[in-house]
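Everything numeric here is computed off the predicted structure, so don't read it as measured data. Atoms within a ligand are numbered from 1 in the order they appear, just like the ligands themselves.
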Amino acid sequence: MDDLDSLTNSLLAEIGRADSAAALEELRIAALGKKGTITGLVKTLGAMDAEERKVKGAAFNAAKDRIAAALDARRAEIAARELDARLAFERVDVTLPVRAEAQGRIHPVSQVTEEVIAIFAHMGFTLAEGPDVEDDWHNFTALNIPPDHPARQMHDTFYLQDDKAAAAPAGAGAGGNRPALLLRTHTSPVQIRHMQANRPPYRIIAPGRVYRSDSDMTHTPMFHQVEGLVIDRDIHMGHLKGCLEEFLRAIFGIPDLRYRLRPSHFPFTEPSAEMDIGCSRKGGVLKLGEGDDWLEILGCGMVHPRVLEYAGVDSNQWQGFAFGLGIDRIAMLKYGIPDLRAFFEADVRWLRHYGFAPLDVPTLSAGLNR
Ligand code: PHE
């Protein structure tokens with residue numbers, strides 16, 4: 001019995017000192033394995049008489065159980081300690097700055113879109129959207145551009161398949177004709193869709209892609225606009241002016257930016273105007289907010305009563321203004337990007353130069369500018 005006790009005690013002590021799962025496994029094999037010390041004692045049972053075997057057998061089993069239990073307990077302790085060590089070592093400090101080698105960049109068009117949204121959201125506008133593939137009626141007719149109106153030519157419209165022929169004579173939606181489909185030439189059809197689907201008053205902006213068959217330094221077949229629409233009971237041109245002044249000064253970050261409203265013409269607004277901002281072009285360099293030159297920046301006006309009626313809004317009760325501006329153009333001006341075509345060439349070197357860090361999210365509190 002003394003052999004067993006001293007063997008058990010020394011094994012338990014060794015188990016208590018073991019400091020890795022591997023060391024424990026070695027101890028287990030040395031004690032309980034096929035050629036282990038305890039196993040060796042168990043084997044001596046065969047040579048004993050029945051009485052002795054009964055007593056010793058019970059003692060051996062008790063010793064085996066104690067050792068197995070000690071091994072389990074120590075294994076759990078070691079596992080817990082290893083986990084603690086790993087957790088301490090692998091801890092991530094989420095307040096660390098983004099690593100310099102982060103590759104993705106935000107496209108200037110996306111950045112400016114977010115900036116525009118942030119500014120108008122602050123003024124209480126909500127977002128609206130419409131489809132890129134429009135029908136003739138929403139893109140033209142409901143905006144007071146009838147089928148034979150010259151403005152249709154000016155829009156350089158992309159029609160889908162043979163829809164141009166189908167559209168011209170009858171006009172879409174009339175006489176059970178299939179509506180002629182096209183790629184929207186401006187975001188103004190979203191005005192119509194929003195008014196048809198909701199009750200006034202309205203205060204929305206609608207950013208999105210628009211398409212015209214045109215391509216040079218400052219034109220691409222696809223570009224981006226933001227439409228704005230404000231309709232209520234007593235909206236007048238003064239609201240339009242104040243709203244757009246606030247917007248332009250915020251987006252360009254120039255508090256005393258000069259601007260002017262110049263009379264213009266759009267079929268869907270009356271009166272119509274274009275907004276110019278003050279700039280200088282000295283030495284071929286365009287600078288905003290200085291000099292005495294002008295740069296056209298957006299189209300706007302009071303929504304034509306006929307447009308409201310087309311959209312199912314009573315023009316005797318409701319009135320307001322609309323505006324449309326080019327996002328790409330604002331990005332070019334704000335960030336000094338010379339050629340519009342490069343916006344859509346998907347050249348990563350260009351994007352690395354003009355793009356924005358992924359976490360550089362425009363907000364009114366943190367500021368819009370880099
Ligand atoms: N839709 C016009 C364009 O694309 C812009 C505009 C929108 C003008 C709303 C007036 C009012 O040129």
What atoms in ligand 1 come closer than 4.0 Å to a heavy atom of [X]?
X: Cys300; value: 8 (C), 10 (C), 11 (C)
X: Gln225; value: 3 (C), 4 (O)
X: Phe323; value: 7 (C), 9 (C), 11 (C)
X: Ser188; value: 1 (N), 7 (C)

salt_bridge([X], [Y]) N-O dist < 4.0 Å:
X: Arg258; Y: Glu290; result: no
X: Arg306; Y: Glu309; result: no
X: Arg341; Y: Glu345; result: no

Arg17 side-chain N/O to Leu12 backbone N/O, donor-acceptor pair under 3.5 Å: no
Below the 3.5 angstrom mark, is there an N/O of [X], backbone or side chain, next to an N/O of ligand 1?
X: Arg212; value: yes
X: Thr185; value: no
X: Gln191; value: no
X: Thr269; value: no

Output field: ring centroids Phe247/Phe252 closer than 6.0 Å: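 Phe247 vs Phe252: aromatic centres not under 6.0 Å.
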Protein heavy atom at shortest distance from atom 2 (C) of ligand 1: Phe268 CZ, 3.7 Å
Taking atom 5 (C) of ligand 1 as the reference point, the nearest protein heavy atom with its distance: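 For atom 5 (C) of ligand 1, the nearest protein heavy atom is Gly324 CA, 4.0 Å.
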No-hydrogen, no-angle side-chain donor-acceptor test under 3.5 Å, Thr185 and Asn139: yes
Result of checking Phe268, Phe223, Phe323, Phe266 against His186 for ring pair (Phe, Tyr, Trp, His ring centres under 6.0 Å): Phe268
